[in-house]
Trainee: 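Take this structure, written in structure tokens, and hold onto it; I'll ask about it next.
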Amino acid sequence: MTRRIIVIGANAAGVEAASAARKKDRTAEITLITQEKNAGYSRCGLPFVIGGQIQSFHDLIVYPPAYFQMLKLNLRNETKATAINTKEKTVTVVDKAGATEVLPYDSLVIATGADSFIPPIKGREKPGILSLRGIEDGEKIDAEVKAGAKSAVIMGAGLIGLEVGVGLMEKGLKVTVVEMLPQILPQLLDADMAKLVQEHLEEKGMRILISKGVEEFLGEDKVTAVMAGGEKIEADIFVSAFGVRANTKLAVDAGIPLGETRAIKTNSRMETDVRDVYAVGDCAEAPNIITHRPMCAQLGTIAVRQGKVAGTNAGGDYSQFTGILASAVTRLFEIEAGNTGLTETAAARNRIEVVTGAITSKTKADYFPGAKPIKIKLVVEKESQRIVGGQVIGGEEVTQRINCLSFAIQKGMTARELAKADTAYAPPLCETWEPMVLAAEMVLMKLR
Amino acid sequence: MVKVGAYEVPEGLYYSKDFEWIKIEGEKVHMGITDYAQKSLREIVYAELPSVGTVVKQGEPYGTLESVKAVSDLVAAVSGTIEEVNDEVQSKPETLNEDPYVKGWLIVVKASNLEAELANLMDFNKAVEWHKAQAQSK
């Protein structure tokens, strides 16, 4: 009998799941359901359209219609999944015209993503608070910029907040970022590392208020100012980048259990507590490789890896998700920053005792023209001496060091092993001593 | 040869909406996939093709192509009996990415109903328009 596979959500996780399912089952009937007009586009690219490096939102579409046609994936866009019945194994959908249909499935993949949220702040119901989750959000911000906006307040100094902030500055706007925590990029970096990024952003003219919460949205018909740390900040654009929350309503209504992070609980095959129902991407939780605790990293790389696993299983084959290190990188003006595994802060929160080593070096031989600074911070668990985290900030060459440290962590590499690593060298490309190796040596000295 | 966006569309071929092209030489018809198809699939690692003597039918699958991320049926652009199969694309599937229109031909068929079936295909001008529409709706 032909297997029927339904995937709810058609972006990173959903399209990946559908493609993986097709690879395992050439005859299955695979249906992708998305509320959005566009499917298979890169959310991560949105801030760079606002900044102007990418010409149009249209360019973010990774999978053209031909892709869906060639893989025989039945894409239903502008269609909303309104209910899942796990007993009958059906999904109820409503299309743009309002027509309701009940679709049966043998395997179901929930990839409903996450939505940005605004904490309960006075005045949050007022119109004029924008966010950046989808193409349509991006178009709204872009329209404000084109209409002559001169200033913006970004609420939240995480990856998205800062990337949007930089994008708006590149368009000539005056940008203020308000962050409640005492540092920027609190998920990504430790405070000592985040400070370097903050200094760079401030040099470029971004105003950053840390340890200041948004207390109130002010304005008559729409938001025209915020109160933050007792100061009234007026602006033309207000972007909510407080964070995102897993979209779990469909799952909850269907009785599919959530986990301790309030995202959908999954096993190592990305299957929920209900058989033949999988959950992937920003709406699902999975274990962190180091802490073994569930987490919802809400990163594109996690979404595609989970999607592939769930799709393979939904297609009748077998695959396991190996866990999350939450490796992430960003570029803000001329500085790149990234992390893999635990920061020192996250280690402490999980009661893991660590020793750290931090080395400042250059991206080329010190004497070579154009060498840029780079700083590595290595986080090592005290007892096993295993590397559990790494942060890198530099003018270039950050990403592949993050990946390298991610590989090391996944293989359980110790600081002693990293200190003996065989690395490459040529003056126009790097320093004689790789700074990751030196950081490991520093850790060993502290462990003596 | 024209380029529609990033996709090459050579003259002198007929095209199907299943991303195939044919080149007619009398009764002999070369069949392959378009540049748009190979770019959508990306690096092709496996080509599963039928053997000589197999009968293919317009609009029906006769083989599959597989890349790292995707898998797609090959849908026959015209009906006929296979007279030749390109061994090179089976041993070196990357040929399909490098040269989809010449070295990357897939099969040669002896067409059985060419005249009538051509009506279901696009000539060069129509194919250019169709590729433009595809690039637009990307």
Side-chain angles (χ1 to χ4, degrees), chain A residues 5 10 12-30 32 36-42 45 49 54-75 77-78 135 300-301 303-305 307-309 311-312 315-317 319, chain B residues 4-9 15-21 31-50 59-77 93 96-97 100 106 122 127-138:
Chain A
I5 301 169
V15 177
E16 194 75 31
S19 307
R22 170 58 75 226
K23 289 207 87 169
K24 297 303 171 188
D25 189 334
R26 305 288 167 90
T27 59
E29 209 176 89
I30 304 175
L32 279 146
E36 288 186 79
K37 201 171 150 199
N38 299 293
Y41 68 86
S42 162
V49 183
I54 299 165
Q55 218 179 9
S56 90
F57 290 103
H58 192 83
D59 295 337
L60 300 180
I61 296 174
V62 181
Y63 296 98
Y67 182 85
F68 295 93
Q69 193 189 331
M70 290 177 87
L71 271 76
K72 286 187 288 182
L73 305 174
N74 173 22
L75 175 67
N77 48 7
E78 295 184 270
I135 285 183
T301 44
V304 293
R305 286 171 50 220
K308 188 175 179 191
V309 168
T312 303
D317 208 328
S319 181
Chain B
V4 180
Y7 312 119
E8 288 180 358
V9 184
Y15 296 86
S16 80
K17 287 179 181 169
D18 296 306
F19 317 101
E20 297 234 340
W21 56 262
M31 209 182 286
I33 60 160
T34 62
D35 189 40
Y36 181 36
Q38 70 84 6
K39 283 190 168 114
S40 298
L41 288 171
R42 305 193 184 166
E43 287 82 358
I44 295 165
V45 280
Y46 188 68
E48 192 186 340
L49 298 175
E60 289 187 5
Y62 64 90
T64 47
L65 296 179
E66 197 170 355
S67 64
V68 174
K69 283 282 162 219
V71 59
S72 180
D73 283 340
L74 291 162
V75 180
L96 288 165
N97 297 109
L106 293 164
M122 300 178 280
V128 168
E129 288 312 308
W130 183 79
H131 274 82
K132 276 183 188 161
Q134 292 280 318
Q136 278 290 314
S137 68
K138 182 195 133 176

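Naming: A, B, ... by sequence-line order, numbering from 1 per chain. Only heavy atoms go into these numbers, but all of them, side chains included; no hydrogens, no water, no symmetry mates.
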Trainee: Contact part of Leu65(B) toward chain A, heavy-atom cut-off under 4.5 Å: side chain, backbone, both or neither?
Mentor: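 Neither part; nothing is under 4.5 Å.
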
Trainee: Pick whichever of Val68(B), Asp18(B), Val75(B) has the most heavy-atom pairs under 4.5 Å with chain A.
Mentor: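 The option with the most such pairs is Val68(B).
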
Trainee: Hey, could you give me the OG/NZ distance between Ser72(B) and Lys23(A), rounded to the nearest 0.5 Å?
Mentor: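 Between atom OG of Ser72(B) and atom NZ of Lys23(A) there are 11.5 Å.
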
Trainee: Give a yes or no on this: more than 12 heavy atoms of other residues, nucleotides or ligands lie within 6.0 Å of atom CD of Glu43(B).
Mentor: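 No.
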
Trainee: Among Met70(A), Lys308(A), Glu16(A), Arg22(A), which residue has the highest count of heavy-atom pairs closer than 4.5 Å to chain B?
Mentor: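 The residue among Met70(A), Lys308(A), Glu16(A), Arg22(A) with the greatest pair count is Met70(A).
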
Trainee: Can you see which heavy atom on Gln69(A) is nearest to which on Lys17(B), and at what distance?
Mentor: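 Distance-wise, the nearest heavy atoms are NE2-O, 3.0 Å.
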
Trainee: Determine the minimum heavy-atom distance between Val71(B) and Leu71(A), stating which atoms define it.
Mentor: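 That closest heavy-atom pairing would be O-CG, 3.3 Å.
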
Trainee: Side chain, backbone, both or neither: which part of Ser67(B) has an atom under 4.5 Å from a heavy atom of chain A?
Mentor: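 Backbone only.
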
Trainee: Looking only at non-hydrogen atoms, find the nearest pair between Ser40(B) and Tyr67(A) and report the distance.
Mentor: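 Closest approach of Ser40(B) to Tyr67(A), heavy atoms only: O-CD1, 3.7 Å.
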
